Each structure stands twice: as structure tokens, then as C-alpha cells.
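This structure is a prediction, so every number in the text was calculated from the model and none was measured. Proteins come first, then strands; the chains are lettered A, B, ... in the order of their sequence lines, and each starts at number 1.
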2 protein chains.
Amino acid sequence: MVYTYLYNAFKCATMQFLRDHFEKLITLTDKEFQYILQFFRSRRIMKKQFLLQEGDPVTQEYFVVKGCLKSYVLDSEDRSHIMQFALPDWWISDYQALVTQSPSSMFLEAVVPTQVLCITREDKERLCAEMHKMEHFFRIKNAYGYIGLQRRILSMLTGSAKERYEQLLQQYPDLFQVVPKQDLAAFLGVSRETLSRLYSKNK
Amino acid sequence: MVYTYLYNAFKCATMQFLRDHFEKLITLTDKEFQYILQFFRSRRIMKKQFLLQEGDPVTQEYFVVKGCLKSYVLDSEDRSHIMQFALPDWWISDYQALVTQSPSSMFLEAVVPTQVLCITREDKERLCAEMHKMEHFFRIKNAYGYIGLQRRILSMLTGSAKERYEQLLQQYPDLFQVVPKQDLAAFLGVSRETLSRLYSKNK
DNA sequence: AAATAAATGTGATATAGGTCACATGCACAA
DNA sequence: TTGTGCATGTGACCTATATCACATTTATTT
């Protein structure tokens, strides 16, 4: 592979990770991938550091390479409600703010030390406009994301706290390695005390 | 406008409605629109008729021209949980099933007499592959849909039954003209009795 | 290694909202 | 127009989950 854009010489493993991610849905030539790569910037965040805070302008979307991020809102009583976790291979941002170009209403914070690849809204749009393939990629990604949220809504509508917990455990076992239980509670919409009781009684 | 594809001579108003819908995000020539149109089929459904039932194969996506549809699941106690309503200008299907090409786990039912335009999965994919514009259109549509679901999740996480009800009332006042209250309850994740009490006490 | 802070567990109590039962109103079918 | 069946309202009671308070365990920092 020829490194045309040297200023973007990420670690080889990181690049390959991104490329593999794209190539799950589309095929890319080396040249195409190199072209795409120039729009991404690598960034590391320490545990509990923010990529976004409430009120910040949102200009980028983040692809997680390593670690884990969470996006959440704080309500009027300062309780956190988690919108999304992002493990490696996931995209995350405050999409509402990104699309409507309004200030963030969320916090985007590293749960553990994390590495992301960032792309700005404009660069992503440009990439989609220039390369039909990429527009396709992101349309399909979006469709999966949509379905995921539908599933979450359904589990909130139909399941008890316990059922939702067990579904999550089954669907994303990796999360439980990384994320404190109070965060899982804030994701499930249950108090941390209730969550704690759910699995202590379970065994 | 030249009617190249006569077998698709929908009522002029219907065609224009679809065209306006696309042209909110992209621009189309008459010829392009005529080409697109050939992939759509018009269909009318009576109140309480099904477009999909649990177990059906899901081959199509539906664009509502007139009326109102709801998609919902039935749980083990035969309680219905509503995933989505679709008023005119909205798309609806069992997306999970459509994308994964598995049998429907939902019912798709007309709340009132309804007219839709149907497109098959294959035709939509073909349209997206052939016309970059259309791929763009659906990517952006998807992105808005995603944001909408995020908002719904947030309101389920942060709000009381009453707050959720009021948010819905404010965001989609049209729904309340058309949809029985028990369906609104099934959408909000509240019992119909509780919902009834919410607004009787309100006044 | 000690000190401090964060996360978790657990009991006692409170409450939003669910469930059940039945009454009333309203729509459409015969 | 009358009847049959949905949709809605309302009371009485019940239950899952929240809240508060504090103890315990586990990470972080110095």
C-alpha cells in the first residue's frame, strides 16, 4: 500500500481497522482508501475526558478504534441518561446537534482511555458527495443504527427492568467488562439500586 | 410533464406529493422523476386492514400519501406496543425484518382509510445504486429518522408519563385528530387508564 | 502504603403507574 | 332505529421501581 498522504500515516493497525470497517459493506481500492483517510484525524482521550460538553458546537463524528465512549444528557436534577455507548467499530456523536448544526445538548465522555478517528461533518458530506460508495456505506450504516434504536425502544416498551437488563447483557456482553454498573442503569432507565438488586437476587 | 410510463399514471396530486417529498432534499428532472415513479405502486387500505401481519415476509416499504398507519408488536399477554405511526409524508415498514430479510415481527395496520405508495426492497436498492441522488435522499431521511428515535428514547428515559404525553401532543398535534387514545398510550408506554387520568386531571 | 474518592450493595419507605372491575359514551352494522 | 361492540372514564387496590440513608468494597491519587 502506497502512503500518498504521509501526514495521515496512522498506525498501520488503526488504518486497517478503519478499512476493514468500510469493507464490511463496500469494497475500496488502495487509492480510494488513501483518499478517504486524509479526512480523518486520530485522537486519544483519557478516561473521564470529554469530547463534547453541553453547549459545545458539534462539528465532528467519531469512530471508536479502542476504548469506550458514552453520550448522555443531564436532566434538571443532574441525573445522567445515557443515549449511547460506543465500543470499537462504532460511530458516535451528538447527531441531533450535528445534523441541525446546533449546540450540543449532550456530553460525550470516555469511559476508559480511548482512541477515535474524527471526521468533520463537512468532510463526511463531501466524501459522500464525491464517492457514491461512501454515501451507500453511510446509508446502510444508518439503517442498522435505526433498527438498533427501534429494538431499544421495543425493549423499553415491552420489558421489565430485569428483562431489559438481561437482553443488554446478552446482546452486548463486552459492555459489562468496561462500563460501571451505574452507567448501565442510566442506559437502561433504571436506578442503580434497582439494577444492583436485579442481579444479586438473580444468582 | 410527459407520461412515459403510462401504467404509472397515478392521480396527479399523488405524484406531486411524492415528488415534493423528494424535492425537499434533492432536485429531480421530470425525466428522472418519471423513472423513479415506475418503481412505485399505489395501494389503498381500509381502516383496520393490515399491510403486514406477524410472520409475513416483508418485501416492501410504504410511503403514506393519505390517512394513517401504525406498526406495532403484540407481547405474550396480547398487549400492543406501538413502534411507529405514519401520517402523510412518512415512510413505514418493519425495517428490522426488511433489512434482515426475515419474517415480520410486527403488524402494520391502517388507523383510518389510507393510501400508500409501495416500493420493494430490491427496487429501492436498485434506485439507490443507479441514482446517487436517491442514495443521498435516503441517507439523509435515515439520519432524520435516527434522530427522531433518539429523541423518543430520551423522552422515555427522562420524562414522566405526563411529560411524555405533553411532548407528543406538542410535537405531533395531528396524531390526536386521528389516533384513538389507547393507541397513543401504547405508543407512549403507558396504560390507557393512566393516560386518561393524565389529561382529565390536567384541565 | 495511606488517604481519598468513586462505585456498589442493601434495608426501609414512598410513589407513579399498573391492574381489575365496571360504568358510560359513541360508532357502525343490520 | 336499535343493538352490538369498541373506546373511554373512573374508582379501589396492588406492585415494580424510585428514593434516601448508610455501610462496604474497589479504584485512584499522593
Side-chain angles (χ1 to χ4, degrees), chain A residues 45-50 67-68 70 72 74-82 85 107 109-114 155-169 175-203, chain B residues 46-50 67-68 70 72 74-82 85 107 109-113 155-169 175-203:
Chain A
I45 327 104
M46 294 297 93
K47 186 171 173 172
K48 299 200 182 183
Q49 292 304 107
F50 294 99
C68 181
K70 61 177 175 181
Y72 61 95
L74 289 182
D75 67 21
S76 44
E77 270 88 39
D78 271 327
R79 267 185 292 255
S80 85
H81 303 276
I82 294 183
F85 294 111
F107 297 83
E109 183 185 331
V111 177
V112 291
T114 296
S155 103
M156 295 176 94
L157 287 176
T158 61
S160 65
K162 187 169 183 179
E163 289 167 326
R164 271 178 284 149
Y165 169 75
E166 276 158 6
Q167 255 184 263
L168 185 69
L169 180 59
L175 272 185
F176 294 71
Q177 262 43 58
V178 174
V179 173
K181 314 212 162 164
Q182 57 191 333
D183 282 352
L184 296 177
F187 179 85
L188 290 168
V190 169
S191 72
R192 54 166 207 84
E193 292 95 332
T194 296
L195 186 69
S196 166
R197 290 181 178 106
L198 286 181
Y199 51 76
S200 57
K201 281 174 198 165
N202 225 2
K203 297 179 187 171
Chain B
M46 293 297 93
K47 186 170 173 174
K48 299 200 183 182
Q49 291 304 107
F50 294 100
C68 182
K70 62 177 174 181
Y72 61 96
L74 289 182
D75 67 20
S76 45
E77 270 88 38
D78 271 329
R79 268 184 290 255
S80 86
H81 303 275
I82 295 184
F85 293 110
F107 297 83
E109 183 185 332
V111 177
V112 292
S155 103
M156 294 176 93
L157 287 176
T158 60
S160 65
K162 186 168 182 179
E163 290 166 325
R164 273 178 282 147
Y165 169 76
E166 276 159 5
Q167 256 184 263
L168 185 69
L169 180 59
L175 272 186
F176 293 71
Q177 260 44 60
V178 173
V179 173
K181 313 210 162 165
Q182 58 189 335
D183 283 351
L184 296 178
F187 178 85
L188 290 169
V190 169
S191 72
R192 54 165 207 85
E193 293 95 333
T194 297
L195 186 67
S196 167
R197 289 180 178 108
L198 287 181
Y199 50 77
S200 57
K201 280 174 198 163
N202 225 0
K203 299 178 188 173

Distances under 3.5 Å between protein N/O atoms and the N/O atoms of nucleotides 24-30 of chain D, please, pair by pair.
{"residue": "D:dT28", "atom": "OP1", "partner": "A:Lys47", "partner atom": "NZ", "Å": "2.3"}

Answer yes or no: does a side-chain N or O of [X] lie under 4.0 Å from OP1 or OP2 of [N]?
X	N	answer
B:Arg79	C:dT19	yes
A:Thr194	D:dA18	yes
A:Tyr199	C:dG9	yes

Can you classify the ring geometry of B:Phe176 versus B:Tyr165 as parallel (below 30°), tilted (30 to 60°) or perpendicular (above 60°)? perpendicular
Take the protein atom [atom1] of [X] and the nucleotide atom [atom2] of [N], then report the distance between them rounded to whole Å.
X	N	atom1	atom2	value
A:Phe176	C:dA7	CZ	P	17 Å
A:Glu193	C:dA14	CD	P	16 Å
A:Leu184	C:dT8	CG	C1'	12 Å
B:Asp78	C:dT19	CG	P	14 Å
B:Lys181	C:dT24	NZ	C1'	15 Å
B:Leu198	D:dT10	CG	P	13 Å
A:Lys162	D:dT15	NZ	C1'	15 Å
B:Leu188	C:dG17	CG	C1'	13 Å

For the pair A:Thr114 (side chain) and A:Cys68 (backbone), establish whether a donor and an acceptor sit closer than 3.5 Å, ignoring hydrogens and angles. yes
Donor-acceptor pair under 3.5 Å: do we get one between A:Arg197's side chain and the base of C:dG9? no
Toward the 5' end of DNA chain D, which comes first, A:Arg164 or A:Arg192, by nearest nucleotide? A:Arg164
